[in-house]
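These notes are about the structure you will find just below.
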Amino acid sequence: MKYEFTRIEKKWQKNWEETKSFAAVNDSDKPKFYALVEFPYPSGDGLHVGHPRPYTAMDIVARKRRMQGYNTLFPIGFDAFGLPTENFAIKNKVHPAVVTKKNIATFTSQLKMLGYSFDWDRVIDTSSPEYYKWTQWIFIKMFERGLAYKASMPVNWCTSCKCVLANEEVVNGVCERCGSEVVRREKSQWMLRITDYADRLLDDLDDVDFIERGRVQTKNWIGRSYGAEVDFTTTAGESLRVFTTRPDTLFGATYMVISPEHELLKAWTDKLENLSEVQAYQAAAARKSDFERTEMAKDKTGVRLKGVAALNPVTGGEIPIFISDYVLATYGTGAIMAVPGHDTRDWEFAKKFELPIVEVVQGGDVTLEAFTDCDTGVMVNSGFLNGLSVDEAKVKITEWLTEQKLGEQKVNFKLRDWVFSRQRYWGEPIPMVHCEHCGYVPVPESELPLRLPDVENYETTDEGESPLAAMTDWIATTCPKCGAPAKRETDTMPNWAGSNWYYLRYTDPKNTDALASRDALDYWTPVDWYNGGMEHTTLHFLYSRFCHKFLYDIGVVPTAEPYKKRTSHGMILAEDGQKMSKSRGNVINPNDIVDEFGADTLRLYIMFIGDFEKAAPWSSNAVKGCKRFLDRVWNLAEKPLQGKEFEYSAANEKAVHVAIKKVSEDIENVKFNTAIAALMTLTNAFYENPPSRGDIHALLSLLSPFAPHIAEELWELQGFKGLASQAKWLDYDERKTLDDVREIAVQVGGKLKATVFVPQDSEQDVTQAAALANDKIARLVEGHEIVRVIYIKNKLINLIIK
RNA sequence: GCCGGUGUGAUGGAAUAGGUAGACGUGCCGGACUCAAAAUCCGGUGGUAGCAAUACCGUACCGGUUCGACCCCGGUCACCGGCACCA
């Protein structure tokens, strides 16, 4: 009989679904395992070949864990709110909820087609009111704890989406989604105080097992720096506070720079002799987008304030103050002390404006370039700091500043608070009411979910307000606190809101009293293994971990970290090595592969394609190779064999043990490609030495997580008990993975010259005798003295001759 | 510019407590089966020289440590990803 993959795959998918083979149980005595993949955004295009890579990988892990006896939770859901759906709705005049429902149906059938062992009873949809009720609830809890606040601030405004974007949605000055220009615009926004958690988000990385690249990126993103704040007095009277990581260089501060937005400039309006020049610079800076400002980075601009100067607190010398847009209003105090001798940017600026450059750390030549090395220098020209190392000077000057009440130690972060409002329709309504008397008041919990009302038009208004702003009867409400007429918030939450906490919901997806029961959370969390794309390893993780830590602080979840282990997969590229994209027309549709070769072949190929963590180009030929492998397995195992299930043939015993070991270990180390290679090697061995029924049993057990349908079918044909996917994961015997006779490399002078066979664990004398008995070695050694022998048991012998 | 990663046959990629480089797959070459082709099965396949045994060269490049280096150290180049005036 032929390998009829379509029939077989449908048959077993139906069987698994009907018997609920992969349902996780909430009250179980078994050890638990929680495997998580990033839930998809249900786009109209359906599944693309990028999805199966992480999903198959974690499906393999989940299936292996079940076979190992774990109560395994492997859930799936849909991150359904989002712009593409909304844009599609606008264009086609359909309700986004209708579009979403349709897309989810498509995704569901595609995911089932690939035979994933998801627990389909736990599917969640972030756009359903039953779900977003809790997204809103979390927001209210944050508001109650002072973590959500409204602030007017310059935001990134996409001129095309008419929407405020978070910093991370702006890529190279253009909108990440539509590519249009992004400008700065002042707007009142809901913000989340993620910066309160900066230290913990950084420090707790030590407690989890995350892919190193992601860990480093997160650290850079949070950007913690240690330093000091220092007050400089000014001739205008007000003191000017700066943040510096190099307080040791205070004696070298020869000027100061403040950002164009600095608030002291308002106070100094009367005193500035060149006010119009200053204001012109401010106006020019305000017109520039963030991108343009950084584009100008090479060439420093600025204006010296006339009429106001500062005093260096240690030297007492009068130093000029500049405004320049190389100083950011949003970092530190928006002002710096400039030490051109020891900071590259200050050095450039000083050169341009012909400002004095003073050396305070010896070791470089500050007339040529800034000397920024902190490890080797010695303090000079620095009064009481002279002769100290940089580190000693930092401590001493900080103590001095603290004593003199001129400053103090300070830690700063690059991380900013999180802009949490979107002026869009297809998102969770922010459950807040604005009352003239009481200010912002949360919608009472009993009224959650605050449902998204139906609107006529999904486009933002020209003022950039959400479509909800046009819903006057929905907006008009009463203050939950005082009962006076009040207005609803019309902004919605960003995409990230729903994905912040979705892994918690899977543990108890139908709960109506809480986001999940405490019992379910205690049992299932934290997630044991979470795999997803590199693109989410920084921001989604930061937001999600922040949210989790908050829930931990208010006693909702039992652990401080949500995810124990994070791995990440590389992208699947098109056959030409380019990114797959509709515009390039090089997209591979998984449906086509499944139709032509079957889901098992697709799963196998996508895992065999290369190093899991690296990008890999698609290859149609290599897909055929995987199909060929399954054909070979089929032809080998199709006819029922006689014999015992757990008895390996003498000829294949070693190969089976080696394969069990290799596959077991490789799955844990995300080396799926070599695990599959090991299965191919085992199959090749069976073509040399006909397999026993037990040999086939082992092969099918190992193959089952990778290509589950064919494994089930052959399992049944062989008459093995139960389902292959519910079989026990096999153990191996280390001793049986080794040969009794070992092939030893024989080197002469470090170069490989021959190999010899000796019994396992032979001592040096035996191996050396065997080596010297080899004709070639004997010839090489003849007439020479063996001065040294390096012997590595079971591996190599190296004869050094003179 | 800073941070991180990668560089191995025609090709996707294996192999790191330093110990037989190229597993497995693709492609290609040859053979069997076939009227023929496909499919399948068997064999070969890093380069140079040689009929051959064999020798020499080979993991981006230059150098070092070592009996021995894809692996460790110093330097250079190229590509990929992240951040980008963060004081």
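So that the names make sense, note that chain A is the first sequence line, chain B the second, and so on, each numbered from 1.
For S324(A) and rC85(B), the shortest distance from a side-chain N or O to OP1 or OP2 is not below 4.0 Å. Side-chain N/O atoms of N684(A) include one lying less than 4.0 angstrom from OP1 or OP2 on rG25(B). When the side-chain nitrogen and oxygen atoms of K624(A) are compared with OP1 and OP2 of rU40(B), none of them lie within a distance under 4.0 Å. OP1 or OP2 of rG25(B) has not a single side-chain nitrogen or oxygen of R628(A) nearer than 4.0 Å. OP1 and OP2 of rG25(B) both lie 4.0 Å or more from every side-chain N or O belonging to N621(A). A sub-4.0 Å separation between OP1 or OP2 of rG4(B) and a side-chain N or O of R213(A) is absent.
When the P atom is compared between rC42(B) and rC33(B), the two are found 16 Å apart, to the nearest whole Å. Across rA60(B) and rU11(B), the matching P atoms stand 14 Å from one another, rounded to whole Å. Comparing the P positions of rA38(B) and rC28(B) gives a spacing of 11 Å, expressed to the nearest Å. Of the C1' atoms belonging to rC57(B) and rG22(B), the separation is 16 Å, rounded to the nearest Å. When the P atom is compared between rG75(B) and rG82(B), the two are found 27 Å apart, to the nearest whole Å. Using atom P as the reference point in both rG63(B) and rC71(B), the two lie 15 Å apart (nearest Å). The gap from the C1' atom of rA21(B) to that of rA15(B) amounts to 7 Å, rounded to the nearest Å. Separating the C1' atom of rU59(B) from that of rG47(B) is a span of 14 Å, rounded to the nearest Å.
N220(A) comes within 4.0 angstrom of sugar-phosphate atoms only, judged by non-hydrogen atoms across all strands, and of no base. The residue T755(A) sits close to a base: some heavy atom pair falls under 4.0 Å. Nucleic acid contact for E212(A): none, since no nucleic acid atom lies under 4.0 Å from a heavy atom of the residue. K414(A) comes within 4.0 angstrom of a base, heavy atoms only.
Note that R632(A) lies in the cation-pi zone of Y687(A), set by a 6.0 Å cut-off to the ring centre and a 45° limit from the axis. Remark: K300(A) is positioned above the aromatic ring of Y326(A), its terminal NZ or CZ atom under 6.0 angstrom from the ring centre and at most 45 degrees off the axis.
Counting to the nearest Å, the P atom of rG18(B) and the CD1 atom of I790(A) are 16 Å from each other. Computed from coordinates, the I606(A) CD1 to rG25(B) P distance equals 19 Å when rounded to whole Å. Computed from coordinates, the K751(A) NZ to rC56(B) P distance equals 6 Å when rounded to whole Å. Taking atom CG on L752(A) and atom C1' on rA69(B), their separation rounds to 15 Å, with Å as the unit. Atom CE in M571(A) sits about 14 Å away from atom C1' in rG5(B), given to the nearest Å. Rounded to an integer number of Å, the gap from R53(A) CZ to rG12(B) C1' is 11 Å. The CZ-C1' distance, from F612(A) to rG12(B), rounds to 17 Å in whole Å. The NZ-C1' distance, from K671(A) to rA23(B), rounds to 13 Å in whole Å.
The partner of rA49(B) is rU54(B), by the rule that a Watson-Crick or G-U pair needs both atom distances under 3.5 Å. Partner assigned to rA21(B) is none, using Watson-Crick or G-U wobble distances below 3.5 angstrom. Pair assignment for rU59(B): none, as no Watson-Crick or G-U wobble contacts are both less than 3.5 Å. In this structure rU40(B) sits in a base pair with rA32(B), meeting the Watson-Crick or G-U test at under 3.5 Å.
Considering V216(A), L415(A), L202(A), L201(A) as possible partners of W221(A), the one that fulfils the side chain to side chain contact (heavy atoms under 4.5 Å, CB included) test is L415(A). Considering F706(A), F672(A), W618(A) as possible partners of Y605(A), the one that fulfils the ring pair (Phe, Tyr, Trp, His ring centres under 6.0 Å) test is W618(A).
In this structure, of rG81(B), rA87(B), rC83(B), it is rG81(B) that holds the atom nearest to the side chain of Q217(A). Distance from the side chain of F608(A) is smallest for rC24(B) among the nucleotides rC24(B), rC83(B), rU20(B). Checking rA15(B), rA23(B), rG13(B) against every side-chain atom of D611(A), the shortest atom distance belongs to rG13(B). With distances taken from any side-chain atom of V216(A) to the nucleotides rA14(B), rA23(B), rC3(B), the minimum falls on rC3(B). Comparing rA23(B), rG13(B), rG25(B) against the side chain of M680(A) picks out rG25(B) as the nearest. Listed nucleotides rA87(B), rC85(B), rC42(B) differ in distance to D325(A); the shortest reach to its side chain belongs to rC85(B). Distance from the side chain of V327(A) is smallest for rA87(B) among the nucleotides rA87(B), rA15(B), rC67(B). Minimum atom distance to the side chain of I800(A) is reached by rC67(B), of the listed rA15(B), rG82(B), rC67(B). Proximity note for T674(A) (side chain, C-beta onward) versus rG4(B), rG13(B), rA15(B): the nearest is rA15(B). Here the side chain of D343(A) is nearest to one of rC67(B), rA87(B), rC85(B), namely rA87(B).
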Item checked: Full working for side chain to side chain contact (heavy atoms under 4.5 Å, CB included) between M337(A) and N312(A) -> CA-CA 9 Å; M337(A) 65 176 209; N312(A) 184 314; over 6 Å; no
Next item on the list: Carefully, step by step, assess D739(A) and K654(A) under the rule salt bridge (charged side-chain N to carboxylate O under 4.0 Å, His left out).
Entry: CA-CA 8 Å; D739(A) 276 320; K654(A) 182 197 157 200; 3.0 Å; yes
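Side-chain atoms of K219(A) and base atoms of rC3(B) include no donor and acceptor less than 3.5 Å apart.
Remark: aromatic rings of Y331(A) and F413(A) are distant, center separation not under 6.0 Å.
If you check the side chains of D417(A) and T195(A), you find a donor sitting under 3.5 Å from an acceptor.
Comparing Y687(A) and P617(A) by the nucleotide of RNA chain B whose heavy atom lies nearest to each, the residue mapping closer to the 5' end is P617(A). Comparing I744(A) and D631(A), the nucleotide of RNA chain B nearest to each residue sits closer to the 5' end for I744(A).
Using a 4.0 Å cut-off between a side-chain N of Lys or Arg and a carboxylate O of Asp or Glu, E613(A) and K671(A) do not qualify as a salt bridge. One finds no salt bridge joining E668(A) and K661(A) here, because no Lys/Arg side-chain nitrogen approaches an Asp/Glu carboxylate oxygen to under 4.0 Å.
In this pair, Y255(A) and F322(A) present their aromatic rings perpendicular. The plane angle is above 60°, beyond the 30 to 60° band.
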Please enumerate all protein N or O atoms sitting under 3.5 Å from an N or O of nucleotides 46-55 of chain B, with distances to 0.1 Å.
from: rA55(B); atom 1: OP2; to: K776(A); atom 2: NZ; distance (Å): 3.3

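Glycosidic conformation, rG4(B): anti, with the torsion outside 90° of 0.
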